[in-house]
Amino acid sequence: MKASQQYAGIPKWVLAIAIIGALFVMLPLVAMVVRVNWAEFIPLITSQSSIDALLLSLRTSSIATLLCIIVGVPMALVLARTSFPGQRILRSLVLLPLVLPPVVGGIALLYTFGRQGLLKAPMDFLGIQIAFSTTAVILAQTFVALPFLVLSLEGALRTVGTRYEAIGATLGAGPTTVLRRITLPLVLPALISGAVLSFARALGEFGATLTFAGSLQGVTRTLPLEIYLQRETDPDAAVALSLVLIAVAIIVVGLANQIGSNSRLYGERIS
Amino acid sequence: MSTDTARRWVQSLAALVIAAAVVTGAAACSSSSGTTESAGNAPTASATTAPTGTIVVFAAASLKSTFTALGTQFQAANPGTTLTFNFAGSSDLVTQLTGGAPADVFASADTATMGKLTTANLVSGTPVNFATNVLEIATPPGNPANVKSFQDLGNASIKTVICAPAVPCGAATATVETATGVTIPAVSQESSVTDVLGKVSSGEADAGLVYVTDVKGAGTTVTGVPFPESSQAVNTYPIATVSGAKNVPLAQAFIDYVTGTDGQAILATAGFGKP
């Protein structure tokens with residue numbers, strides 16, 4: 001059966017509003033593509049500072065996404081599968097970076113991990129200096145991207161329920177085996193889409209990085225910061241780089257969706 | 001299975017749109033920081049009476065506190081006039097003006113940026129220089145790293161934050177570096193003076209290079225260390241009437257006020273030098 005033969009029960013006015021909404025998002029992108037100086041496009045995006053910024057962005061965003069998965073999966077599990085006093089408040093606090101202006105996030109990170117921050121004593125003791133380093137960029141990106149992963153994974157965990165997990169446990173599987181063999185495969189599509197959103201957010205991160213990490217070519221100046229700086233002198237370069245940023249995001253999201261749909265088939269097979 | 005196919009397709013599309021929006025949204029949030037208000041219907045004043053009405057003044061971010069004070073005095077001295085300010089980085093303002101933003105007066109933090117507006121045929125008449133500014137070292141309160149001279153900034157153990165060469169304060173920094181032969185191993189090259197000051201006042205950096213007026217405006221949050229080599233890079237602030245200004249007489253009156261005795265006194269108090 002083809003999808004087109006399905007009952008498409010959408011009123012026409014819903015479709016009309018949806019198209020307006022889609023145009024609202026798409027038109028600015030089109031406007032930017034129109035503005036690109038194509039004759040100079042390749043030289044503009046292959047300058048040393050641009051390449052440094054792109055590579056730095058890809059590197060830090062990947063590590064930040066990995067960190068989001070490592071700490072975000074346990075966080076989502078605890079929020080979805082356990083109940084304890086104050087859990088609602090904890091969830092709201094964990095999701096706070098979603099609504100916080102990134103600059104505020106950067107200031108908060110500065111007051112935590114900065115040279116004069118809350119963790120000054122232990123960090124001095126260990127000889128760790130985070131300010132103005134690539135580590136600071138990764139921390140800022142992880143801070144703003146983490147809620148995206150936790151949110152999408154927690155929702156999926158609640159939706160799939162605990163039926164299969166309970167059956168697995170009655171058949172003698174320990175908690176870790178249940179987690180590894182049942183829970184995680186079930187929510188793998190959500191995990192992947194959550195990770196993709198986190199990556200996209202980390203890639204676009206600007207305010208927290210600028211406030212917390214500074215801006216130095218090859219060390220802390222990620223693609224959004226490079227765009228911000230180029231805009232001062234060379235708007236053509238800024239537009240060209242913006243297009244690169246969008247292209248990278250589209251490629252990553254496209255690839256991840258491909259993986260996601262494959263793993264979803266796998267998920268359907270085991271369920 | 002076919003509903004799944006359709007749903008998957010929709011989900012993919014939705015994810016693409018969200019990701020693109022997240023990425024572009026984050027980059028776009030920085031594109032326009034200034035607020036602009038339209039000049040409204042400014043009554044045209046006759047040549048003989050004192051100019052009245054409303055003008056919009058686009059001014060460099062470093063002029064914010066000074067021009068705000070100056071504007072209040074001007075309005076008190078000239079009843080019936082209203083000044084609306086839009087403060088942002090000079091380059092941002094030029095971008096806004098070439099994009100068609102309505103303004104009567106433009107005050108730039110450097111002559112190069114004013115030059116861009118002149119090239120765009122948006123300056124009426126000749127710009128007048130009304131102030132100068134030089135660099136000063138800003139340190140956290142009490143100068144914990146004991147920075148004494150410009151030469152000290154060449155020491156890698158002193159964490160120094162400067163402006164990127166692409167922005168005016170960074171260009172001035174590069175000029176002083178060339179003149180003195182001191183290369184600063186900066187830990188960060190920021191896009192604006194505000195970002196440099198933020199890193200210094202929070203104690204993240206040991207020193208930062210900003211303008212004299214920035215150190216003065218930051219009050220007790222930073223300690224200033226003037227250095228004689230700053231005279232190698234003197235930044236000149238020009239002001240001009242924007243072509244297409246709705247209220248030329250009032251625009252000219254304001255420029256006269258800024259370059260006159262009262263305006264110059266306020267600018268001097270803020271630490272600006274004579275042009």
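Residue numbers start from 1 in every chain, and the chains themselves are labelled A, B, ... in the order their sequence lines are given, proteins ahead of strands. Any value given below was found using the heavy atoms of this structure, including those in side chains, with hydrogens, waters and symmetry copies removed.
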If you measure from [atom1] on [X] to [atom2] on [Y], what distance do you get to the nearest 0.5 Å?
X        : Y        : atom1 : atom2 : result
B:Ser202 : A:Ile107 : OG    : CD1   : 9.5 Å
B:Ser201 : A:Gln116 : OG    : CD    : 11.0 Å
B:Thr160 : A:Phe132 : OG1   : CZ    : 9.5 Å

Is the side chain of B:Glu204 donor-acceptor paired with the backbone N or O of A:Ala131 at a distance under 3.5 Å, no angle test?
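Absent.
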
Donor-acceptor pair, distance only, cut-off 3.5 Å: does the side chain of A:Arg221 make one with the backbone of B:Glu190?
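Checked: no pair found.
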
Heavy-atom distance under 4.5 Å between the side chains of B:Asp92 and A:Arg231, does that happen here?
yes

Quick one, B:Asp206 and A:Arg115 - any side-chain contact, counting heavy atoms below 4.5 Å?
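Yes, their side chains come closer than 4.5 Å.
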
Among the options B:Pro140, B:Gly198, B:Ala166, pick out the one with the most heavy-atom pairs lying under 4.5 Å from chain A.
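Heavy-atom pairs under 4.5 Å are most numerous for B:Ala166.
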
Under a 4.5 Å cutoff for heavy-atom pairs, which residue among B:Ser188, B:Ser192, B:Gly203 has the most contacts with chain A?
B:Ser188

Proximal component of [X], with respect to chain B [non-hydrogen, under 4.5 Å]:
X        : value
A:Gln217 : neither
A:Leu210 : both
A:Thr211 : backbone

Determine the option with the most heavy-atom pairs under 4.5 angstrom with chain B, choosing from A:Val248, A:Leu110, A:Val252.
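With the most close heavy-atom pairs to chain B, the winner is A:Leu110.
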
Side chain, backbone, both or neither of [X] within contact of chain A (heavy atoms, under 4.5 Å):
X        : result
B:Val167 : side chain
B:Val161 : side chain
B:Ala186 : backbone

